[in-house]
Amino acid sequence: MEIVIGLLLSSLSLYCDFTDAECLVISPARLVVKYGDPASSNCSSDTPVQMGWEATQGGMGLTDKEVKSLNWSVDSVTDWNIKPTCFTEGGQCKKQLDITVYKLPDSVSISYRTYPDPMVEKHHYQLQCLVQNIAPIERLRVTFYKVNTTGEQTELDTQQKSKDNIKTPENGAYTLDFTPSRDDDRAQLWCSAMLDLGPEGPQPPPVMESDRLNITVLYKPLITMSPGCFSMRITEGDTLSLNCSANGNPAPSYGWLLPQSAPAPNTTEERSVVTITNIAKSHSGEYTCIARNPPGNSTCTVNVEVTVDYLPIIAGLAAAAVVILLVVSCFIYSSYYKHTRMGHYQLKDRLPRRHKNKQVVHHNGMDQSFM
């Protein structure tokens, strides 16, 4: 019994060695072929055997003689599901060629699934990238892109179908949820389809892009106020000028809410600038700019405080006091001078004094003096 078992094991070992020696090698083991292009692969064995190729295109039966290699080739691959298989006599060994037949898309396009008229900031939209007549679709990667007005490019999303082993050409529809912002106005959207077939496929992987979709985004005004949306002080008698500019699409219109005591202002044609000359303290209060367009409104309020500059008044009063003081001083001085000087004068003090020994004699109507 032991002898019989030994003989069986020995025979099995010899059979395995024989079949291993006969095992076939296909080179290249994998082919990526464009639909309609030629293809070829070689089947070889370590020992001469009868071999053949089983295929819907380029198939051949067993060779009459034992050979160490047999080539399979076809001038134009037109079968999407082709599976060339090399085999030996009796089917003791089989090897299937891994072959992928591909086709580039006829077209790639991007569009709105529901056409907006036009886009509005913060609203939700859905874009669709349609890839027509592509194979195999499971190896397709679709990417959505956006480029803004400065040329900055952003990758929005990349999608790939699940592996469903469909080898024939298919149409692929890929969708993107898109919520635009004001920065997206006048941007461009597009999608690209890349067929990535691995290292055996064309390098770099072929890419086809859609046309670019120009988008318009409406957005409500964003106010930039000069001097700003805050409190400010201005001196009575000066000119108040408030500039309310806003960025919006479409261009906004402007209006103002002023304190009740404020006079009718001078405004620009767009009413974005309000000017009040010779402002008074009673004009203090809140000045509110309102910018409007169809997407919405924005407001900006400036609290204006009108102050009185007392320095010129104080300076005027001080100057007047100095003038009055000078007038009073001059009057007092003048009065004092007359009293102290003019009030004690006598006529005799003003006549010339005569000598004590001088005598006056009237002679012939003439006065004569004698010593």
Side-chain angles (χ1 to χ4, degrees), residues 116-125 146-154 178-189 213-321:
D117 191 24
M119 286 186 172
V120 179
E121 179 186 29
K122 296 182 181 179
H123 287 206
H124 302 293
Y125 304 94
K146 176 184 71 175
V147 61
N148 59 21
T149 53
T150 63
E152 181 182 357
Q153 181 173 306
T154 304
F178 182 65
T179 304
S181 68
R182 64 183 55 228
D183 295 331
D184 294 327
D185 184 37
R186 295 182 295 143
Q188 293 181 323
L189 300 174
L213 185 66
N214 296 306
I215 64 173
T216 299
V217 180
L218 302 185
Y219 50 91
K220 75 176 189 177
L222 179 63
I223 294 178
T224 54
M225 174 79 83
S226 175
C229 301
F230 51 80
S231 300
M232 64 171 293
R233 290 185 177 183
I234 187 172
T235 303
E236 188 176 39
D238 288 349
T239 298
L240 173 67
S241 181
L242 298 175
N243 184 2
C244 178
S245 59
N247 180 22
N249 188 25
S253 60
Y254 298 90
W256 287 89
L257 297 177
L258 307 181
Q260 292 184 354
S261 59
N266 298 321
T267 58
T268 61
E269 183 177 353
E270 300 85 5
R271 294 182 56 84
S272 61
V273 179
V274 63
T275 303
I276 298 177
T277 57
N278 195 25
I279 194 167
K281 186 172 178 60
S282 61
H283 302 157
S284 297
E286 292 183 346
Y287 291 72
T288 300
C289 171
I290 305 173
R292 304 181 179 91
N293 69 0
N297 303 335
S298 292
T299 62
C300 178
T301 299
V302 179
N303 191 355
V304 177
E305 180 183 357
V306 181
T307 60
V308 179
D309 188 0
Y310 292 101
L311 183 60
I313 298 176
I314 295 174
L317 292 175

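Since the structure is predicted, the reported quantities are computational estimates derived from the model, not experimental observations. Count residues from 1 along the sequence.
Rounding to the nearest 0.5 Å places CD1 of I234 at 8.5 Å from OG1 of T307. In this structure, OH on Y287 lies 5.5 Å from CG on L240, to the nearest 0.5 angstrom. Taking CG from L218 and CG from D185, the interatomic distance works out to 7.5 Å, rounded to the nearest 0.5 Å. One distance of note links CG of D238 with OG1 of T277; it measures 11.0 Å at 0.5 Å rounding. Between atom CG of residue L213 and atom CG of residue L189 there is a gap of 5.5 Å, rounded to the nearest 0.5 Å. Expressed to the nearest 0.5 Å, how far CD of Q188 lies from NZ of K146 amounts to 12.5 Å.
Closest approach of I223 and C244 over heavy atoms only: CG2-SG, 3.8 Å. Between I279 and T235, the shortest heavy-atom distance links the atoms CG2-O, 3.8 Å. Considering all non-hydrogen atoms of both residues, Y125 and P118 come closest at OH-O, 4.0 Å. Nearest approach of P295 to K220, heavy atoms of both residues: CB-N, 3.6 Å. The two residues N293 and P221 have their closest heavy-atom pair at OD1-CD, 3.2 Å.
Checked by atom type, the side-chain pair S245/S272 shows no donor-acceptor distance below 3.5 Å. Inspection of the E286 and N303 side chains reveals no N or O donor paired with an N or O acceptor under 3.5 Å. With 3.5 Å as the limit, one finds a donor-acceptor pair spanning the side chains of H124 and T179.
With hydrogens and angles disregarded, a donor-acceptor distance shorter than 3.5 Å links the side chain of N148 to the backbone of G151. In this structure, the side chain of T299 does not engage the main chain of I290 through any donor-acceptor pair within 3.5 Å. At least one donor-acceptor pair under 3.5 Å links the side chain of Y254 to the backbone N or O of A246. In terms of modelled atom types and a separation under 3.5 Å, the side chain of H283 and the main chain of A280 share a donor-acceptor contact.
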Side chain to side chain contact (heavy atoms under 4.5 Å, CB included) evaluation trace for V273 with S241: CA-CA 7 Å; V273 179; S241 181; 4.0 Å; yes

Test log, rule disulfide (SG to SG under 2.5 Å), inputs C300 and C289: CA-CA 5 Å; C300 178; C289 171; over 6 Å; no

Trace of the side chain to side chain contact (heavy atoms under 4.5 Å, CB included) decision for V217 with N249: CA-CA 7 Å; V217 180; N249 188 25; 5.7 Å; no

Worked check of side chain to side chain contact (heavy atoms under 4.5 Å, CB included) between T301 and F230: CA-CA 7 Å; T301 299; F230 51 80; over 6 Å; no

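Around atom NZ of K281, more than 12 heavy atoms belonging to other residues, nucleotides or ligands sit under 6.0 Å away.
Every residue two or more places apart in sequence or in another chain that forms a salt bridge (Lys or Arg N to Asp or Glu O under 4.0 Å) with R182 is listed here: E121. Y219 is linked by a side-chain hydrogen bond (donor to acceptor under 3.5 Å, both in side chains) to N247, counting only residues two or more places apart in sequence or in another chain.
The closest side-chain heavy-atom distance from N278 to E236 is not below 4.5 Å. Looking at P294 and P250, their side chains come closer than 4.5 Å, going by heavy atoms from C-beta outward. No side-chain heavy atom of R292 sits less than 4.5 Å from a side-chain heavy atom of P252.
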